[in-house]
Amino acid sequence: NTAAVRGFVRPVGGMLRPPAPVLRRSYAALAEARSILENELDGIRVAGTWKGERIITSKQGPQINVDGSRGTILNFCANNYLGLSSHPEVVQAGIDALKTYGAGLSSVRFICGTQDLHKNLEQKLAQFHEREDCILYASCFDANAGLFEVLLGPDDAVLSDELNHASIIDGIRLCRAKRLRYKHMDLSDLETKLKESQSSRVRLVVTDGVFSMDGDVAPLQGICDLAEQYGALVFIDECHATGFLGQRGRGTDELLGVMNRVHIVNSTLGKALGGAAGGYTVGPKPLIDLLRQRSRPYLFSNSLPPPVVGCATRAVELLLESNEIAQTMTAKTMRFRNKMTQAGFTISGSAHPICPVMLGDARLASVMADDMLKLGIYVIGFSYPVVPKGKARIRVQISAAHTDEDIDRCVDAFIQTGRKHGVVS
């Protein structure tokens, strides 16, 4: 036995190394995996859907510096809807929290990871959304991953819009409820699915408030009407609405007058509310209490770092104090949409600051985005699998921090680039 052990494990330079046949098999397995991965990557490049990462060398804002580009670049593709990512009061709040509470908690919430600033932010978010309680997550992806498994069991049903965000889809996959998918924003199909699931204990209608790829707004009034008719609950993901849709920026449910009819809201701190990180669920207190006990992303992820919480808290406070920033969005959004439509471009969605410039071809979207950067405009082409095949686009996002001159310069660059590639005449 001793000889066998010595033959299998030999000390080499102070380390233990398996014998040559074992190493050869290990190397062969790695080489095969590497070949498979490289072939997959080559396919992405050939299809023109490769997603490179440009390197920004400045803080986030309407004007940025990009590695390899000269001068200041106008950024038209950030989720920085209200321009709060670099707002001086938001930044200072993060600095103050860092100095007072430290860099992080090195713990999950229920062990030793809850500070008073976490509870303060949760209270303010519940107040902002006019809901009973709130629970923080590391991201809204985590909030979506942690909700459905806790709320729904095998006797329940979840009815989901077919174009819901990937995080919603993944979260639903984790639960044991019956899953029914209805056609995008199709109330007739939703009603059919509600009828099919009438024997279920709890039924939850799940939809994005705003669909991020197209900028279209869910028909929440009709969804709530059907939910009430058939005794279902309503959930919305408000990542692309919180802070700027509705008269006070409360989101899609405020915009469409159904705040008291939507039962559960998930949203993010990583877009309009400072843009750092973090997500949350707001809703009935018993639900939030149960999520604290059973939601796996909450129980097994470190607490949000104090600087992130400090920044987000100040962003929410600014919105609770005034709706002035949110009110500037509509005019700027329509300025871009109208000028682009007049120039001959097809813009998806309606009045949302997500303004997808529809191009169809993935390679065209990528090349045009590169040409726009040469003209000082930072935009990104979106293609499969982020959007369906044949529906590639450049997604432009308007910010409250953009000036009218910024918007006009972006439109002029699109016209110049579109003419070069035969998109407009």
Side-chain angles (χ1 to χ4, degrees), residues 37 39-56 60 66 75-81 139-145 160-173 181 183-185 206-218 236-242 266-268 270-272 275 277 279 336 340 345-350 352-373 377-399 410 414 417 421 423:
L37 295 173
N39 287 338
E40 190 71 20
L41 292 170
D42 287 342
I44 295 173
R45 294 185 184 98
V46 170
T49 57
W50 181 267
K51 296 163 186 63
E53 296 181 358
R54 297 170 179 170
I55 300 173
I56 297 173
Q60 184 63 277
V66 179
N75 188 3
F76 274 89
C77 65
N79 294 316
N80 186 23
Y81 291 110
S139 67
C140 191
F141 205 111
D142 277 356
N144 285 336
S160 178
D161 188 291
E162 64 180 352
L163 294 187
N164 276 337
H165 190 267
S167 61
I168 296 176
I169 295 170
D170 286 357
I172 289 173
R173 285 173 177 164
R181 186 171 62 176
K183 296 175 184 177
H184 182 47
M185 300 202 307
V206 174
T207 181
D208 278 312
V210 173
F211 294 84
S212 61
M213 288 300 106
D214 292 305
D216 44 4
V217 178
I236 57 175
D237 180 311
E238 285 286 82
C239 287
H240 289 275
T242 298
N266 277 9
S267 195
T268 182
K271 293 180 172 59
F336 177 82
M340 287 290 286
F345 289 96
T346 299
I347 310 299
S348 183
S350 53
H352 194 275
I354 292 175
C355 304
V357 182
M358 304 303 295
L359 298 170
D361 182 72
R363 192 179 301 277
L364 174 62
S366 178
V367 171
M368 277 190 63
D370 290 341
D371 287 347
M372 291 285 286
L373 183 61
I377 307 295
Y378 190 114
V379 289
I380 294 291
F382 284 69
S383 57
Y384 180 83
V386 179
V387 296
K389 290 182 178 179
K391 294 194 175 183
R393 78 283 305 270
I394 291 176
R395 188 182 73 176
V396 174
Q397 288 167 276
I398 305 300
S399 167
C410 180
F414 262 111
T417 306
H421 295 281
V423 177

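What's counted below: heavy atoms across the whole structure, side chains too, no hydrogens, waters or symmetry copies.
Shortest non-hydrogen contact noted between Cys140 and Asp237 is SG-OD2, 3.8 Å. Summarising the geometry of Ala362 relative to Ala47, their closest heavy-atom pair is CB-O, 4.3 Å, with the distance given to 0.1 Å. Shown here for Asp161 and Lys183, the closest heavy-atom pair between the two residues is OD2-O, 4.1 Å. When all heavy atoms of Ala369 and Val379 are compared, the closest pair comes out as CB-O, 3.6 Å. The nearest pair of heavy atoms linking Phe211 to Leu163 is CD2-O, 3.4 Å. Nearest heavy-atom pair, Tyr81 versus Ile398, reported as atom, atom and distance to 0.1 Å: CD2-O, 3.9 Å.
Looking at heavy atoms from C-beta onward, Leu364 lies in side-chain contact with Val423 at the 4.5 angstrom threshold. Looking at heavy atoms from C-beta onward, Tyr378 lies in side-chain contact with Leu373 at the 4.5 angstrom threshold. Within the 4.5 Å cutoff, the side chain of Ile347 has heavy atoms near those of the Val357 side chain. Taking 4.5 Å as the limit, every side-chain heavy atom of Pro388 sits out of range of all side-chain heavy atoms of Met213.
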* Begin from the C-alpha positions of Phe141 and Asp170 and carry the test side chain to side chain contact (heavy atoms under 4.5 Å, CB included) through to its verdict. => CA-CA 9 Å; Phe141 205 111; Asp170 286 357; 3.6 Å; yes
* To do: Take His421 and Asp371 through the test side chain to side chain contact (heavy atoms under 4.5 Å, CB included) and record every step on the way to the result.
  => CA-CA 10 Å; His421 295 281; Asp371 287 347; 2.6 Å; yes
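A distance-only check finds a donor-acceptor pair linking the side chain of Asn75 to the backbone of Cys77 [under 3.5 Å]. One N or O on the side chain of His165 and one on the backbone of Ser167 form a donor-acceptor pair closer than 3.5 Å. Side chain of Glu162 to main chain of His184: a donor-acceptor pair is present (N/O by atom type, distance under 3.5 Å, no hydrogens or angles). Within the 3.5 Å criterion, the main-chain N or O of Met368 finds no donor-acceptor partner in the side chain of Thr417. Judged purely by atom type and a 3.5 angstrom limit, Ser399 uses its side chain to pair as donor or acceptor with the backbone of Asn80.
Between the SG atom in Cys355 and the CZ atom in Phe414 there is a gap of 9.5 Å [rounded to 0.5 Å]. Atom CD1 in Ile44 sits 10.0 Å away from atom OG in Ser383 (nearest 0.5 Å). Between the CD atom of Gln397 and the CD1 atom of Ile380 there is a distance of 11.0 Å, given to the nearest 0.5 Å. Note that OG1 of Thr207 and CD of Glu238 are 9.5 Å apart. Values are rounded to the nearest 0.5 Å. Put simply, OG1 on Thr346 and CE on Met340 are 9.5 Å apart, with the number rounded to the nearest 0.5 Å. With rounding to the nearest 0.5 Å, the separation of SG in Cys239 from NZ in Lys271 is 5.0 Å.
Around NZ of Lys51, the count of heavy atoms belonging to other residues, nucleotides or ligands within 6.0 Å exceeds 12. Counting non-hydrogen atoms of other residues, nucleotides and ligands closer than 6.0 Å to CZ of Arg54 gives a total above 12.
We find that Arg393 and Asp214 are joined by a salt bridge, their nearest charged nitrogen and carboxylate oxygen being less than 4.0 Å apart.
Relative orientation of the Phe76 and Phe336 rings is parallel, given thresholds of 30° and 60° on the angle between their planes.
For Ser160, the side-chain hydrogen bond (donor to acceptor under 3.5 Å, both in side chains) partners are Asn164, not counting sequence neighbours.
Every pair tested for side chain to side chain donor-acceptor pair (under 3.5 Å) that includes a residue from residues 359-369 fails, sequence neighbours excluded, so the list is empty.
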